[in-house]
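My questions will all concern the structure given below.
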Amino acid sequence: MKYGKKVCTSLKQVRKQIADANGIPYEITPCPHDGSQCPGTCPKCEQEVRYIERELSLRRAAGKAVSIVGLSLGISAAFAANAPLASNKADIKDSTAVETPTHNDPAATEENMIFGAMEEQQPEFPGGEMALMKFIKDNLRYPADAVRDSIQGRVTLSFTVDTDGKIKGIEVMRSPDKRLSKEAVRVVKLMPKWKPGRLRGKIVRVKYVLPITFRLNAAPMTLANENPSAIKIGDLGIPTTEEDSTCIAKPDQLPEFPGGEIAMMKFIKDNLDYPPSAARKGIQGRVILTFILEKDGKFSTIKVLRSPDDALSREAIRVIKKMPKWKPAIHEGKPVRVKFAMPVTFRL
Amino acid sequence: MIQPAPIIGISRHRIPTDGDGVTTLVAFGRCPLHCKWCLNPQCHRKPSRSVTPEELLDIVAIDDLYFQATGGGICFGGGEPALRSRFIARFRKIAPQPWHLYIETSLAVATSHMRELLPVIDHWIIDVKDMHPATYLGYTGRPIDALLANLKILADAGLQDRCTLRIPLIPDFNSPQMQLESREALAKMGFNDFDLFNYKIK
């Protein structure tokens with residue numbers, strides 16, 4: 001029996017054991033692949049896993065006990081019964097000479113290679129990973145209503161990079177919120193063709209998993225809204241005062257930390273010291289600061305709009321004050337004052 | 001916050017060479033050694049992808065059901081995964097408790113990494129290469145001191161039962177007799193789980 005077929009057979013048995021232990025209807029159906037191209041899983045097998053996971057979630061939600069851990073501990077023995085293994089614990093003997101002393105990998109294809117590894121060349125966004133991050137950053141629009149509801153988190157997408165470099169079959173594997181998923185999928189659909197993956201020199205379709213993070217820890221952020229002109233700084237719930245009247249609500253060009261948003265996030269990360277008093281009490285959360293960025297790129301009038309703890313507020317302000325001069329906002333060709341809010345997140 | 005780590009590959013559904021149960025191999029980039037017959041020499045090239053522990057968890061969690069049912073989990077390899085000790089320690093914190101963590105390592109790293117790794121690794125698969133210092137230096141390009149120091153840390157901590165020592169027959173570098181001598185030296189340190197095998201050079 002070919003290696004891929006053996007893996008597939010073993011995994012089917014595991015699925016069957018889990019299903020039976022939890023009263024989930026599941027019958028093993030014969031697999032059409034002969035194992036020469038199958039690394040042990042295929043879209044049908046993946047769907048069966050998703051089905052069993054959904055059924056287990058429903059049972060948990062209904063308050064039923066669910067049994068998974070340790071159900072299939074005998075998989076090693078079962079697999080060995082079908083395939084001789086290279087490792088031998090007791091005897092000193094010439095074990096089966098293997099080309100890959102630590103990795104008994106067959107010619108794996110797309111389904112079980114999440115990417116790369118061992119004579120693989122993973123697909124690549126044009127320009128590489130930095131270009132991919134920049135593309136996401138330049139195109140991602142934080143849904144305004146998600147900002148207002150303080151929704152943030154990581155959307156994990158999977159898609160296939162086809163042999164022509166086109167992205168197909170985008171799926172949401174995991175997401176904290178549908179609004180974020182929709183935006184993440186929209187951005188991936190905008191992507192240009194990728195450089196396709198290769199297996200031993202041959203171009204192949206490869207499944208790729210991409211997490212896209214929505215974090216409220218950076219500003220100014222571009223908000224997605226059907227009526228962009230309606231978005232003003234005041235819409236973020238920041239009380240306006242008389243001094244704000246000299247600030248431009250919607251400048252032509254937003255101010256920028258030197259080096260951009262990624263550099264700013266790194267600056268905050270490198271300089272933020274978690275106050276020990278808050279850490280000891282287990283206090284975490286988001287400090288929302290408001291401030292004015294002057295025409296010369298310096299901060300003034302830093303205020304705390306919301307904060308879970310004074311020590312966190314003091315630390316957030318300390319780090320903001322330490323920042324170098326920003327590139328100021330530009331409106332009608334001239335630097336202008338702007339007021340905006342910035343969340344600084346403290347997470348234990 | 002843990003820096004993203006470069007990875008050269010993620011390979012699913014491995015049974016059971018890397019440990020018991022179904023495992024996913026996560027191969028990190030970079031290695032301090034430069035072995036002549038390195039299996040993954042691409043680990044010395046600039047990788048095209050880096051992930052944080054949280055992002056990695058999102059990626060590999062697709063096989064959570066198998067990990068939990070079969071007593072499997074994640075096997076960290078590479079490259080040299082022991083260089084990513086803080087990453088792995090963080091990963092242990094955020095991954096589901098039933099997952100096991102394995103490491104496939106040369107142990108050719110600073111001893112400070114062991115402090116992070118000892119509490120979180122369930123089984124060590126140690127690529128010893130060869131215990132004769134001159135042979136080790138000739139094959140890997142590095143002195144054997146780091147390996148010996150880290151083996152001692154594992155032995156002093158009484159973790160021999162959690163270690164598999166892999167001792168290859170390396171063409172042009174050692175012999176079956178030298179393999180036995182390496183095994184003998186390790187047995188004196190209390191290790192008892194050995195895998196002697198041959199490199200097959202293409």
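Within every chain, numbering begins at 1; the chains are lettered A, B, ... in the order of the sequence lines, protein sequences first and strands thereafter.
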Among B:Gly71, B:Ser50, B:Gly72, B:Pro168, which residue forms the greatest number of heavy-atom pairs with chain A at distances under 4.5 Å? B:Ser50
To the nearest 0.5 Å, what is the distance between OG1 on B:Thr70 and CG on A:Leu11? 8.5 Å
Gap separating the CG atom of B:Leu65 from the CD1 atom of A:Ile18, nearest 0.5 angstrom: 3.5 Å
More than 12 heavy atoms of other residues, nucleotides or ligands under 6.0 Å from NZ of A:Lys16: is that the case? yes
Which bit of A:Val69 is near chain B, if near means a heavy-atom gap under 4.5 Å: side chain, backbone, both or neither? both
Please report the closest heavy-atom contact between B:Glu55 and A:Thr213, naming both atoms and the distance. OE2-OG1, 4.3 Å
CZ/B:Arg115: more than 12 non-hydrogen atoms of other groups inside 6.0 Å: no
Listed partners of B:Ala157 passing side chain to side chain contact (heavy atoms under 4.5 Å, CB included), at least two apart: B:Leu118, B:Leu159
Determine, step by step, whether B:Ile62 and A:Glu46 satisfy the side chain to side chain contact (heavy atoms under 4.5 Å, CB included) criterion, reporting the C-alpha distance in whole Å, the side-chain angles of both residues, the deciding distance to 0.1 Å, and the verdict. CA-CA 9 Å; B:Ile62 192 174; A:Glu46 295 294 319; 3.7 Å; yes
More than 12 foreign heavy atoms under 6.0 Å from CZ of A:Arg59: is that the case here? yes
Does atom NZ (A:Lys269) have a neighbourhood of more than 12 heavy atoms from anything else shown, all under 6.0 Å? yes
Take A:Phe125 and B:Arg49 through the side chain to side chain contact (heavy atoms under 4.5 Å, CB included) test and state the conclusion after the steps. CA-CA 10 Å; A:Phe125 183 87; B:Arg49 192 167 187 186; over 6 Å; no
May I ask you to name which of A:Leu132, A:Ile68, A:Leu272 has the most heavy-atom pairs under 4.5 Å with chain B? A:Ile68
Quick one: SG on A:Cys8 to NE2 on B:His13, what's the gap to the nearest 0.5 Å? 10.0 Å
Among B:Ile59, B:Val51, B:Leu56, exactly one meets side-chain contact (heavy atoms from CB on, under 4.5 Å) together with A:Val209. Which residue is that? B:Ile59
Given A:Val7 and B:Ile15, is the side chain to side chain contact (heavy atoms under 4.5 Å, CB included) satisfied, shown in steps? CA-CA 7 Å; A:Val7 172; B:Ile15 317 174; 4.2 Å; yes
Please determine whether side chain to side chain contact (heavy atoms under 4.5 Å, CB included) holds for the pair A:Val49 and B:Asp63, giving the CA-CA distance in whole Å, both sets of side-chain angles, and the decisive distance to 0.1 Å. CA-CA 9 Å; A:Val49 178; B:Asp63 291 317; over 6 Å; no
What is the distance from atom CZ of A:Arg154 to atom CG of B:Leu57, rounded to the nearest 0.5 Å? 7.5 Å
